[in-house]
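Following: one structure in structure tokens, then a few remarks.
Along the sequence shown, residues are numbered consecutively beginning with 1. One-based numbering, in listed order, for ligands and for the atoms of each.
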Amino acid sequence: MYQNLFEQYRLNDSITLNNRFMMAPLTRCMADADLVPTDAMLAYYARRAEAGLIISEATIIRPDGQGYPNTPGIFTQTQIAGWRRVTDAVHEKGGKIFAQLWHTGRVAHPHFFNGEHVLAPSAVGVEGTVPRMRELSYQTPKAASKAEIAELVRDYAKAAENAIEAGFDGVEIHGANGYLIDQFLHYDSNRREDEYGQTPENMSRFALEVVDATIAAIGADRTALRLSPGAYFNMSADPRDRQVFDYLLAELGCRRLAYLHEGMFDDSMRFDFLDGRVSDYMRRHYQGNLVGVGGYSPETAAEAIAAGRFDLVAIGRPFIANPDYIAKVRSGERLQDYSDEMLATLD
Ligand code: FNR
Ligand code: 8K6
């Protein structure tokens, strides 16, 4: 069944995937106290190695990027060694795995890194409290100086190098879901008056600097990016955001990334200022490999791929509920439904 999903897919000259399924990046908050992947995480990823590509849970590039408890990092030698064990296990089973590189920006909390402040494009806070630690309220961030921005760019590139050292096949830069990079891309959170704000070109500058530094460090074939033009999470949309993403997607089109991934929980959501679904908007403005995600079943994914709406599909919650998701889909076996209680354990 769903023959097109089980075809090999050539991302570029260096990477060919066994099928068109990706495991979506899924934060599980189960790393150890030093933010090192555990044996249970190794087993969890190895069980899902039949996916054409696993994208790791979001992994912080440095201490002040942390916004939730026990999210793994990739900035110490112990963390790199811990990830090396995970990537070896996935490779041993014939799979491939990218690291998702993360800095939460204003969604970070000093509680996690004993810091004084959190960095963001502008001193505009996000409302609310930290999931799983509701006693912590978000605070007003410090607007990053130009020197701090340059340092962040270097730290993304360094994290990408660390990911390669840890045996990852590539990295997906987390530019979605209202975290640091996305905060530069929306008028809601970017009020800067320097060359990082106010115009589509300026607001795209940080994202493109991170992408270019990563490409310089590890190559475009191994660099991917996730984006949320719709601003549906940790953020409010502004119709002017559309011009920022029109510009950014055109620029990205010249860079031959491994793939571009929409950051969405539900791809059936329609946005007036994007003329419909996020995946369709991205398809119209970007010619490279596109990954759709957000509420897809094998059936709806196969249809979307057959219709040319995107090239690969990422599967999130169903992959939590079904470690053997790929085998089940291949054999037509019934899938277990996902429920939020499943987040309590790492099966
Ligand atoms: C997510 N999602 C997510 N996205 C991301 O870019 N990095 C992350 O670390 C996470 N973490 C995460 C944790 C949990 C528990 C959920 C449910 C989701 C979003 C995820 O990658 C995906 O876009 C959505 O889950 C939608 O796909 P499904 O679940 O409908 O297939
Ligand atoms: C506890 C760690 C959380 C990490 C970040 C990822 C968020 C996961 C939340 C799962 C719930 C899904 C529903 C969300 C909907 C959004 C938007 C309209």
Reported [atom1]-to-[atom2] distance for the pair [X] and [Y], which is rounded to 0.5 angstrom:
{"X": "Met41", "Y": "Thr38", "atom1": "CE", "atom2": "OG1", "answer": "5.5 Å"}
{"X": "Ile54", "Y": "Tyr44", "atom1": "CD1", "atom2": "OH", "answer": "9.0 Å"}
{"X": "Arg334", "Y": "Lys328", "atom1": "CZ", "atom2": "NZ", "answer": "8.5 Å"}

State the atoms of ligand 1, each with its element, that fall below the 4.0 Å cut-off from a heavy-atom position in [X].
{"X": "Asn177", "answer": "4 (N), 5 (C), 6 (O)"}
{"X": "Ala58", "answer": "9 (O)"}
{"X": "Gly294", "answer": "26 (C), 27 (O), 30 (O)"}
{"X": "Gln100", "answer": "5 (C), 6 (O), 7 (N), 8 (C), 9 (O)"}
{"X": "Ala24", "answer": "21 (O)"}
{"X": "Arg317", "answer": "17 (C), 25 (O), 26 (C), 28 (P), 29 (O), 30 (O), 31 (O)"}
{"X": "Pro25", "answer": "1 (C), 2 (N), 3 (C), 4 (N), 5 (C), 6 (O), 7 (N), 8 (C), 10 (C), 11 (N), 12 (C), 20 (C), 21 (O)"}

- [ ] State, without any angle test, whether Tyr338 and Asp340 hold a side-chain donor-acceptor pair at a distance under 3.5 Å.
- [x]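 Checked: Tyr338/Asp340 side chains pair up, N/O donor to acceptor below 3.5 Å.
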Task: Ser279 versus Asp267, side-chain donor and acceptor atoms under 3.5 Å - done: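 A donor-acceptor contact under 3.5 Å links the two side chains.
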Open item on the list: Test your reading of the model: is there a side-chain donor-acceptor pair from Asp169 to the backbone of Ile97, 3.5 Å cut-off?
Closed with: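 Flag set: sc Asp169 to bb Ile97 pair under 3.5 Å.
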TODO: Using atom types as modelled and distance alone, determine if a side-chain donor or acceptor of Gln79 lies under 3.5 Å from a backbone N or O of Ile74.
DONE: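 Between the backbone of Ile74 and the side chain of Gln79 there is a qualifying donor-acceptor contact (under 3.5 Å).
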Open item on the list: Under 4.0 Å, counting heavy atoms only: does Gly295 come that close to any atom of ligand 1?
Closed with: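 Yes.
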Task: Sub-4.5 Å side-chain heavy-atom contact between Met342 and Asp347 - done: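 A side-chain contact under 4.5 Å is absent here.
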Task: Contact check, side chains of Pro25 and His174, non-hydrogen atoms, under 4.5 Å - done: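 A side-chain contact under 4.5 Å is absent here.
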Task: Ring geometry between Phe265 and Phe233 (parallel below 30°, tilted from 30 to 60°, perpendicular above 60°) - done: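 Plane angle between 30° and 60°, so tilted.
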Region of [X] engaging ligand 1 - heavy atom pairs below 4.0 Å:
{"X": "Pro318", "result": "side chain"}
{"X": "Asp266", "result": "neither"}
{"X": "Ile315", "result": "backbone"}
{"X": "His174", "result": "side chain"}

What about [X]: any of its N or O atoms under 3.5 Å from an N or O on ligand 1?
{"X": "Ile320", "answer": "no"}
{"X": "Thr27", "answer": "yes"}
{"X": "Arg226", "answer": "yes"}
{"X": "Glu172", "answer": "no"}
{"X": "Val293", "answer": "no"}

Task: Pairs touching residues 206-227 that satisfy salt bridge (charged side-chain N to carboxylate O under 4.0 Å, His left out), sequence neighbours left out - done: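 Non-adjacent pairs meeting salt bridge (charged side-chain N to carboxylate O under 4.0 Å, His left out): Asp212-Arg255.
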TODO: With sequence neighbours excluded, give me every salt bridge (charged side-chain N to carboxylate O under 4.0 Å, His left out) pair touching residues 143-152.
DONE: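 Salt bridge (charged side-chain N to carboxylate O under 4.0 Å, His left out) check on residues 143-152 returns Lys142-Glu148, Lys146-Glu195.
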Task: Heavy-atom proximity to atom 22 (C) of ligand 1, best of Met264, His261, Glu262 - done: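 Answer by nearest heavy atom: Met264.
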TODO: May I ask which of Gly316, Ala321, Ser297 has a heavy atom nearer to atom 31 (O) of ligand 1 than the others do?
DONE: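 Closest candidate by heavy-atom distance is Gly316.
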